[in-house]
Amino acid sequence: QVQLVESGGGLVQAGGSLRLSCAASGRIFSSYAMGWFRQAPGKEREFVAAINWSGGITYYADSVLGRFTISRDNAKKTVLLQMNSLKPEDTAVYYCAGRRTAATGREVGEYDYWGQGTQVTVSS
């Protein structure tokens, strides 16, 4: 019922910025908590950031705290991830995820919908 499509990934030098966008289709979105995860080759998918239904509560992984910002626009059915001061270790495929609850989650298993992923590569 809910489809998620990420965009905005690409190549950037260390210290640069990217903004990822996740567009949702379907009739249900505003009541969902949303999150971003990432996965590097040979690594487990890891939590990056999450936002509750209203956008008033956000959580970040320690590795991105202070550099990344998650936001949402329920009218546009969109969630964004602004990434600043990028580091080579941020290189990964980034996934948008949705959860059928207003409360945020930090685990892969807590999310019900996933996008196809968008590649972010940070060079030194």
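Counting from 1, the numbers follow the sequence of the chain as shown.
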statement: Minimal heavy-atom distance between Ala50 and Gly105, with the atoms involved, is CB-O, 3.7 Å
message: Determine whether Val120 and Met83 satisfy the following criterion, side chain to side chain contact (heavy atoms under 4.5 Å, CB included), listing intermediate values before the conclusion.
response: CA-CA 10 Å; Val120 172; Met83 305 185 295; 3.9 Å; yes
query: Hey, are the side chains of Asp112 and Tyr32 touching, using non-hydrogen atoms and a 4.5 Å cut-off?
result: no
query: Would you say Gln82 and Ser17 make side-chain contact, with heavy atoms under 4.5 Å?
result: yes
- request: Flag the pair Asp90 / Arg67 as yes when at least one side-chain heavy-atom distance between them is below 4.5 Å, and no otherwise.
  value: yes
field: Joint hydrophobic cluster, Phe47 plus Leu20, side-chain heavy atoms closer than 4.5 Å
entry: no
query: Taking the six-membered ring for Trp, are Tyr95 and Phe37 ring centroids under 6.0 Å apart?
result: no
Exceeds 12 heavy-atom contacts within 6.0 angstrom, atom CD of Glu89: yes
field: From Ser31 atom OG to Arg99 atom CZ, the distance as rounded to the nearest 0.5 Å
entry: 12.5 Å
message: Is there a side-chain contact between Ile57 and Ile51 in this structure, where contact means two heavy atoms from C-beta onward sitting under 4.5 Å apart?
response: no
statement: When every non-hydrogen atom of Leu18 is compared with those of Val12, the smallest separation belongs to CD1-CG1, 4.0 Å
query: Nearest heavy-atom pair of Arg38 and Ser63: which atoms, and what distance?
result: NH2-OG, 3.4 Å
query: Are any side-chain N or O atoms of Glu6 and backbone N or O atoms of Cys96, one a donor and one an acceptor, separated by less than 3.5 Å?
result: yes
- line: Between Val48 and Phe68 the two heavy atoms that sit nearest each other are CG1-CD2, 3.7 Å
Verdict with supporting geometry, Val79 and Leu81, side chain to side chain contact (heavy atoms under 4.5 Å, CB included): CA-CA 7 Å; Val79 60; Leu81 184 69; over 6 Å; no
- request: Could you tell me which non-hydrogen atom of Tyr111 sits nearest to which non-hydrogen atom of Ala33, and how far apart they are?
  value: CE2-O, 4.3 Å
Donor-acceptor under 3.5 Å (Asn74 side chain, Trp53 main chain): yes
field: side chain to side chain donor-acceptor pair (under 3.5 Å) between Thr104 and Asn52, worked out
entry: CA-CA 5 Å; Thr104 58; Asn52 77 324; over 6 Å; no
message: Given 3.5 Å as the limit, does a donor-acceptor pair link the side chain of Thr118 with the main chain of Tyr94, or not?
response: no
message: Do Tyr60 and Thr69 have side chains that approach each other closer than 4.5 Å (heavy atoms only, starting at C-beta)?
response: yes
Glu110 vs Thr101, side chain to side chain contact (heavy atoms under 4.5 Å, CB included): CA-CA, chis, key distance, verdict: CA-CA 10 Å; Glu110 294 178 314; Thr101 179; over 6 Å; no
task: Heavy atoms only: give me the nearest Val5-Gln116 pair and the separation to one decimal.
output: CA-OE1, 3.6 Å
query: Are the side chain of Lys77 and the backbone of Gly26 linked by a donor-acceptor contact shorter than 3.5 Å?
result: yes
- prompt: Under 3.5 Å, is there a donor-acceptor pair between the side chain of Thr78 and the main chain of Asp73?
  reply: no
